[in-house]
Amino acid sequence: MNEWLQTAEAFLTSEAFLAAIRAAVYLLVGLLVARLVSRGLARMLEDKLDAQQVMLTRRISFYVIVLLVLASALRELGFDLTVLLGAAGILTVALGFASQTSASNLISGLFLIGERPFSVGDVIKVGDATGEVLSIDPLSVKLRTFDNLMVRVPNESLVKSQLTNLTRFPIRRLDMQIGVAYHTDLKQLRNVLMTVAENNPVCLEEPSPLFIFLEYGESALKIQLSVWARREKFLDLRNTMHEGVKVALDEAGIEIPFPQRTVSGLGGIPAGAHRVNLSAGEAEAVASTEPGARD
């Protein structure tokens with residue numbers, strides 16, 4: 001028993017155990033300090049920088065402090081940092097060759113951070129995905145769609161494909177394409193549409209609404225009415241303008257035509273009828289089923 005106690009006492013008072021305790025204390029205190037410093041920087045800069053820059057600053061500060069604390073803990077344990085750095089460099093090169101896709105996404109992420117085509121909180125459209133930007137990570141961008149789904153888009157795809165930022169500017173334009181009958185009075189139509197735009201509280205007065213004649217369509221005159229709204233009111237504008245235009249055109253007696261086709265027969269055969277070659281026996285059988293046929 002005394003021998004076991006002496007062994008335990010020797011271990012607890014050994015330099016290696018004390019070094020391990022100091023390294024553990026360094027790690028715990030360092031993680032706490034890293035978290036506090038990163039949060040403090042984020043709160044200090046949230047009024048001066050956008051959400052993307054604040055998030056990037058917070059992450060960089062956190063990981064820098066963690067790396068410094070980890071280096072101090074390893075040195076306290078007796079590791080030679082120069083050897084570890086050399087091994088880390090070789091490992092990084094090997095991982096770079098093994099994960100070229102990840103490296104490409106990482107480099108693309110740096111381009112996105114430098115170019116800043118969007119920020120956290122913006123609504124973007126990439127391919128078939130449309131949603132709010134939740135985070136911009138080194139390898140991917142995470143979106144939340146309007147039906148509350150999370151979509152992960154690799155950074156390489158964002159750099160290579162066309163990207164649309166739907167909330168970059170404070171106002172948006174709604175283009176309504178309307179077809180009216182050929183006998184419609186265009187001056188009356190213009191007055192009706194402009195009145196609808198003026199009476200809509202969501203529609204902006206400046207830029208002013210636009211009435212554009214597009215073309216002579218196959219069955220209608222094609223008109224475009226363009227109106228502007230604040231980006232947060234764009235959905236309200238779309239709903240109220242379409243409803244208001246429909247009601248106003250009905251009240252003014254302006255017809256919204258639909259495509260019509262007139263099909264005529266060839267060689268006196270009515271449309272939808274088919275020529276059928278029958279044998280003599282088949283013709284006689286068909287004739288016997290006609291109304292008024294006699295035995």
Side-chain angles (χ1 to χ4, degrees), residues 122-132 143 145-149 151 160-278 286 290-291:
D122 287 348
V123 177
I124 64 173
K125 179 180 180 182
V126 183
D128 296 332
T130 302
E132 178 187 359
L143 306 179
T145 61
F146 297 125
D147 52 352
N148 206 30
L149 298 177
V151 178
K160 290 183 177 180
S161 61
Q162 179 177 345
L163 183 148
T164 303
N165 192 332
L166 302 178
T167 56
R168 182 64 176 267
F169 302 109
I171 61 176
R172 288 187 62 184
R173 191 178 77 178
L174 171 65
D175 295 330
M176 301 177 57
Q177 295 189 4
I178 307 167
V180 295
Y182 266 87
H183 58 76
T184 303
D185 186 351
L186 293 182
K187 292 184 179 180
Q188 178 192 10
L189 175 63
R190 179 187 179 93
N191 293 333
V192 170
L193 295 181
M194 287 300 179
T195 301
V196 174
E198 292 173 0
N199 295 334
N200 192 312
V202 183
C203 180
L204 297 178
E205 297 181 0
E206 184 63 33
S208 59
L210 295 176
F211 178 90
I212 304 173
F213 183 88
L214 295 178
E215 62 176 342
Y216 295 97
E218 293 184 1
S219 58
L221 300 175
K222 294 186 178 181
I223 308 298
Q224 177 175 309
L225 177 65
S226 299
V227 291
W228 296 81
R230 305 290 300 179
R231 67 183 182 189
E232 60 271 13
K233 297 290 185 179
F234 183 76
L235 184 59
D236 294 337
L237 177 71
R238 179 187 292 274
N239 293 331
T240 55
M241 282 298 299
H242 280 89
E243 180 181 355
V245 167
K246 178 64 169 63
V247 172
L249 293 182
D250 290 342
E251 293 178 350
I254 298 176
E255 179 186 357
I256 302 178
F258 55 88
Q260 299 181 10
R261 295 290 184 271
T262 302
V263 181
S264 60
L266 298 177
I269 301 177
H274 303 277
R275 292 182 181 272
V276 180
N277 296 323
L278 300 177
V286 171
E290 293 293 332

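Model, not experiment: these values are computed from the prediction.
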Sub-4.5 Å side-chain heavy-atom contact between Leu249 and Leu189: yes
Side-chain contact test, heavy atoms from C-beta onward, threshold under 4.5 Å: evaluate it for Thr130 versus Val123 and give yes or no. yes
Using side-chain heavy atoms (C-beta onward) and a distance below 4.5 Å, is Val247 in contact with Glu251? yes
Nearest 0.5 Å, what's the CG-CZ distance between Leu237 and Arg173? 12.0 Å
Scan the side chains in residues 193-210 for donor-acceptor partners under 3.5 Å anywhere in the protein, sequence neighbours excluded, and list what turns up.
{"unit_1": "Thr195", "atom_1": "OG1", "unit_2": "Asn191", "atom_2": "O", "d": "2.7"}
{"unit_1": "Asn199", "atom_1": "ND2", "unit_2": "Thr195", "atom_2": "O", "d": "3.2"}
{"unit_1": "Asn200", "atom_1": "OD1", "unit_2": "Val202", "atom_2": "N", "d": "2.9"}
{"unit_1": "Asn200", "atom_1": "ND2", "unit_2": "Thr240", "atom_2": "OG1", "d": "2.9"}

Donor-acceptor pair, Asp185 side chain versus Lys187 backbone, under 3.5 Å? yes
Which atom names give the shortest non-hydrogen contact between Gly179 and Pro257, and what distance separates them? O-CD, 3.5 Å
Could you tell me whether Gln188 atom CD has more than 12 heavy atoms of other residues or ligands within 6.0 Å of it? yes
For the CZ atom of Arg190 and the CD1 atom of Ile212, what is their distance to the nearest 0.5 Å? 10.0 Å
Sequence neighbours left out, what pairs pass ring-ring contact (aromatic ring centres under 6.0 Å, His included) with at least one residue falling in residues 166-188? none
Using every non-hydrogen atom in the two residues, find where Arg238 and His242 come nearest and quote the distance to one decimal. O-ND1, 2.8 Å
Min side-chain heavy-atom separation Leu214-Gln177 under 4.5 Å: yes
Contact between Val126 and Ile124 at the side-chain level, heavy atoms closer than 4.5 Å - yes or no? yes
A side-chain contact here means heavy atoms from C-beta on lying under 4.5 Å apart; do Met241 and Leu225 qualify? yes
Could you tell me if the side chain of Gln224 sits less than 4.5 Å from the side chain of Ile178, heavy atoms only? no
Could you tell me the separation between the CD1 atom of Ile223 and the CZ atom of Phe213, rounded to the nearest 0.5 Å? 5.0 Å
For Tyr216, does the OH atom have more than 12 heavy-atom neighbours from other residues, nucleotides or ligands under 6.0 Å away? no
Hey, is the main chain of Asp175 close enough, under 3.5 Å, to the side chain of Ser226 for a donor-acceptor pair? no
Distance, nearest 0.5 Å, that separates OG1 of Thr184 from CG of Leu186: 7.0 Å
Quick one: pull up NZ in Lys125 and CG in Leu143 and give me the separation to the nearest 0.5 Å. 13.0 Å
Asp128, CG atom: more than 12 neighbouring heavy atoms under 6.0 Å: no
Do Arg172 and Thr167 have side-chain heavy atoms sitting under 4.5 Å apart? no
Using every non-hydrogen atom in the two residues, find where Ala248 and Val192 come nearest and quote the distance to one decimal. CB-CG1, 3.7 Å
